[in-house]
Amino acid sequence: MSPSLSVPFLSPPLSSAAPCCRATRLAAATTPVAPVSAEVEAARLEPRVEERDGYWVLKEKFRGGINVQEKMKIEREPMKLFMEGGIEEVAKISFEELDKAKDTKDDIDVRLKWLGLFHRRKHHYGRFMMRLKLPNGVTTSAQTRYLASVIRKYGKDGCADVTTRQNWQIRGVVLPDVPEILKGLAEVGLTSLQSGMDNVRNPVGNPLAGIDPLEIVDTRPYTNLLSQYITGNSLGNPNVTNLPRKWNVAVVGTHDLFEHPHINDLAYMPATKDGRFGFNLLVGGFFSPKRCAEAVPLDAWVSADDVIPVCKAILEAYRDLGFRGNRQKTRMMWLIDELGIEGFRSEVVKRMPFEDLERAASEDLVKKQWERRDYMGVHPQKQEGLSYVGLHIPVGRLQADDMDELARLADEYGTGELRLTVEQNIILPNVEKSRIEALLKEPLLQNTYSPKPSILMRGLVACTGNQFCGQAIIETKARALKVTEEVERHVAVTRPVRMHWTGCPNTCAQVQVADIGFMGCMARDENGKPCEGADVFLGGRIGSDSHLGDVYKKSVPSKDLVPLVVDLLISHFGAVPREREEEED
């Protein structure tokens, strides 16, 4: 058994650590919550969905004013494509034929997202991105090799991305191959089920879980349990597949808050109560084009044994009562706003076993005063004689040959395991100290995936951009690298600065949590002509004083971004112009 997989599922030692977060921003779970703002009518609390033939369906009386996606779910149950073998039949039909009828066209563009398949109609007609489920970002060399074998056959259309939810996405997939790919995923212990649309996304945890000498708790058992519950052990769980919108969950296991709890719909924050280990709960964090909200305390604590029951209760409250009209107002925080935090909490309690949910614990285990660590490079594990090595994956993009090589390194120097991070990087755990020097000399680490990237490169995150995504307004990955390289020629940076690039207001790259964020938009050049550009955000923070950044300047043409970033780095982050640095030397 791998050393990193042998950590027992035990509660951590008790701690007197201070509460984790400021009440004014990401409020600690011990902070008093707002009362119900108004009396909620009893009729409003009637569940809007009901079970029919094993699936949850919106009741007829609540179908007025619903959005297009809700209508598609009513017309044809998306999960039947997987649970009743519908994908086998769809994959046999030519794309041209599928496109002729509304039902099958909707299958291609919408319902297949329940299987993790996203049609790239705008830029890569007939090809799909496939998103997996990878709880806690833990994967194996065998899984990595299999994914590499899938994308290799698609040539220039095939590649893989590490996502901001510790996950794999592979590109170039064609529909006739899907049944065989799904079988191959199952054989290596992977699934793509329920990874898109109105489903629970990949459960995020500490990327150093089980190997970190300073961790609070090993998050892997919890994220694995969550994923097993959500997907019905990869067989499908229709109880949670008809949510009003997508839903994110994270389990915190470190003082560093690598898991970004404040931007999740549900975050488990380690806390003890009366000598018992468990979690305080934060709820409602999300990003959208029209609104971004940080998670707020539910004033609730659960023991380690109740991680799944409370997740189930919260999901069912959201499923039953969530708004299904304007898609911009269907995330769970809108329901919390409507019911008030106490009203929402009472609905969760109704759905808990024995209708019991304890109030929040006062003994938060996440330390408030904590300098976030850097996992890049070589670091000792809690297992004596072993180290983990953090590798920089430039903007998260990988090709098949590089994935094969990473798998080889994981086998040769470690225990065949890799860890994906929300910053789109990869960690190789369980490397014996005697092998570190040889690993660092490997060509892949020397030339491609450095354990010692520059300060600006190590904090660089970028979404897919308009190379593949039809919603993106600008190209992001190549531009992010180019702008960063040019900026580094102008200034020297001495402390970490995180820069995130997202192609559109959906903010998949989470620009609001970055020190400097770039959100793609159309701008105008000096002649008034339309050109690609970005709204620039400033001041996002992660860690114990997490909060969202604000717009610094709107509609900046792409060609003007380098001088703007240079100025921001000098004025806000202590950067030194290169010519001055050379003079001082």
Side-chain angles (χ1 to χ4, degrees), residues 118 120 122-124 127 129 131 151 154-164 167-172 391-403 406 420-426 444 447-450 453-491 493 497-511 514-523 525 530-537 555-566 568-569:
F118 295 70
R120 307 288 76 173
K122 187 173 181 180
H123 297 301
H124 286 78
R127 293 192 176 271
M129 176 270 283
R131 179 185 295 149
I151 63 174
Y154 301 125
K156 62 181 178 61
D157 293 310
C159 62
D161 291 321
V162 179
T163 79
T164 54
N167 205 357
W168 284 122
Q169 290 182 170
I170 58 173
R171 301 185 182 280
L391 304 179
H392 176 240
I393 311 298
V395 293
R397 175 61 53 81
L398 300 97
Q399 303 299 325
D401 289 349
D402 292 334
M403 293 174 74
L406 279 171
L420 278 55
T421 79
V422 298
E423 291 87 11
Q424 301 179 313
N425 296 309
I426 291 178
L444 189 70
N447 304 322
T448 310
Y449 302 142
S450 173
S454 68
I455 292 178
L456 291 183
M457 282 296 180
R458 73 178 54 204
L460 194 61
V461 170
C463 77
T464 301
N466 65 12
Q467 179 187 4
F468 292 113
C469 179
Q471 297 188 63
I473 300 168
I474 66 169
E475 196 285 322
T476 54
K477 288 190 180 290
R479 178 172 280 125
L481 290 169
K482 182 180 179 181
V483 168
T484 303
E485 289 168 355
E486 290 185 21
V487 167
E488 288 180 329
R489 286 196 284 269
H490 290 281
V491 293
V493 182
V497 179
R498 297 168 301 105
M499 297 196 295
H500 290 208
W501 289 73
T502 197
C504 75
N506 285 314
T507 192
C508 294
Q510 305 165 353
V511 297
D515 293 306
I516 304 174
F518 307 87
M519 180 180 289
C521 69
M522 293 305 296
D525 63 17
C531 64
E532 287 192 359
D535 293 336
V536 179
F537 288 71
S555 302
V556 180
S558 294
K559 68 180 184 62
D560 296 334
L561 287 172
V562 170
L564 177 65
V565 174
V566 167
L568 285 175
L569 290 172

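Side chains are part of it too, since the values below use all heavy atoms of this structure and drop only hydrogens, waters and symmetry mates. Remember, it's a predicted structure, so these values are computed and weren't measured experimentally.
- Note that SG of Cys469 is 8.0 Å distant from CE of Met129, once rounded to the nearest 0.5 Å.
- Checked against salt bridge (Lys or Arg N to Asp or Glu O under 4.0 Å), Asp515 has the following partners two or more places apart in sequence or in another chain: Arg498.
- For the atom pair Met403 CE and Gln399 CD, the distance stands at 10.0 Å (nearest 0.5 Å).
- The salt bridge (charged side-chain N to carboxylate O under 4.0 Å, His left out) analysis of residues 457-467, with sequence neighbours excluded, yields the pairs Asp374-Arg458.
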Handout entry: Residues Leu420, Trp168; criterion side-chain contact (heavy atoms from CB on, under 4.5 Å); working and verdict
Key = CA-CA 8 Å; Leu420 278 55; Trp168 284 122; 3.8 Å; yes

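- Of the inter-residue distances, the one linking Leu460 atom CG with Ile393 atom CD1 reads 13.0 Å to the nearest 0.5 angstrom.
- For the atom pair Asp161 CG and Arg131 CZ, the distance stands at 11.0 Å (nearest 0.5 Å).
- Sequence neighbours left out, not one pair with a member in residues 462-474 passes salt bridge (charged side-chain N to carboxylate O under 4.0 Å, His left out).
- Here Asn466 pairs with His123, Ala472, Glu475, Glu532 under the side-chain contact (heavy atoms from CB on, under 4.5 Å) rule; sequence neighbours left out.
- Shortest non-hydrogen contact noted between Cys463 and Gly503 is SG-N, 3.0 Å.
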Exercise for the section: Output, in order, the C-alpha distance, side-chain angles, deciding distance and verdict of side-chain contact (heavy atoms from CB on, under 4.5 Å) for Val565 and Thr484. Expected result: CA-CA 9 Å; Val565 174; Thr484 303; over 6 Å; no

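- In this structure, Gly172 and Arg127 approach most closely via the heavy-atom pair O-NH1, 2.6 Å.
- Of the possible polar contacts, none joining the Asp535 side chain to the Met519 backbone as a donor-acceptor pair under 3.5 Å is found.
- For Lys482, the side chain to side chain donor-acceptor pair (under 3.5 Å) test picks out no residue, with sequence neighbours left out.
- Remark: Pro394 pairs with His392, Tyr449, Leu481 by the side-chain contact (heavy atoms from CB on, under 4.5 Å) rule, at least two apart or across chains.
- A pairwise comparison of heavy atoms in Val487 and Leu456 identifies CG1-CD1, 3.9 Å as the closest pair.
- Side chains of Thr164 and Gln424 form a contact here, defined as non-hydrogen atoms less than 4.5 Å apart.
- Side-chain contact between Asp402 and Leu444: present, with at least one pair of heavy atoms (C-beta onward) separated by less than 4.5 Å.
- For Thr163, the side-chain contact (heavy atoms from CB on, under 4.5 Å) test picks out Arg165, Asn167, Gln169, with sequence neighbours left out.
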Practice task
Determine, stepwise, if the pair Val536 / Ile516 fulfils side-chain contact (heavy atoms from CB on, under 4.5 Å).
Solution key: CA-CA 7 Å; Val536 179; Ile516 304 174; 4.1 Å; yes

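- Considering every non-hydrogen atom in both His500 and Gly459, the closest pair reads CD2-O, 4.1 Å.
- Atom CD1 of Ile426 is separated from atom CG of Leu406 by 5.0 Å, given to the nearest 0.5 angstrom.
- Of all heavy-atom pairs spanning Gly533 and Ile474, the tightest one is O-CG2, 3.5 Å.
- Listed by chain and number, the residues in a side chain to side chain donor-acceptor pair (under 3.5 Å) with Asn506 are Gln471 (sequence neighbours excluded).
- Nearest heavy atom pair, residue Val511 against residue Trp501, reads CG1-C, 4.2 Å.
- Contacts of Thr464 classified as side chain to side chain donor-acceptor pair (under 3.5 Å), with partners at least two apart in sequence or in another chain: Arg171.
- Considering only heavy atoms from C-beta on, Arg479 comes within 4.5 Å of Ser558 through its side chain.
- To the nearest 0.5 angstrom, Ile151 atom CD1 is 6.5 Å from Cys159 atom SG.
- Using a 4.5 Å cut-off on side-chain heavy atoms (C-beta onward), Leu398 and Val162 make contact.
- Asp560 is linked by a side-chain contact (heavy atoms from CB on, under 4.5 Å) to Val556, Pro557, counting only residues two or more places apart in sequence or in another chain.
- With sequence neighbours left out, the ring-ring contact (aromatic ring centres under 6.0 Å, His included) criterion links His124 to Phe468.
- Under a 3.5 Å cut-off, the side chain of Thr476 and the backbone N or O of Gly465 do form a donor-acceptor pair.
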Exercise for the section: Show your working on side-chain contact (heavy atoms from CB on, under 4.5 Å) between Leu568 and Val566 and close with a plain yes or no. Expected result: CA-CA 5 Å; Leu568 285 175; Val566 167; over 6 Å; no

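- For the pair Thr502 (side chain) and Ala462 (backbone), a donor-acceptor distance under 3.5 Å is absent.
- Take Ser454 and apply the side chain to side chain donor-acceptor pair (under 3.5 Å) test, not counting sequence neighbours, and it matches Glu488.
- Within the 4.5 Å cutoff, the side chain of Tyr154 has no heavy atoms near those of the Ile170 side chain.
- In this structure, the side chain of Thr507 does not engage the main chain of Ala509 through any donor-acceptor pair within 3.5 Å.
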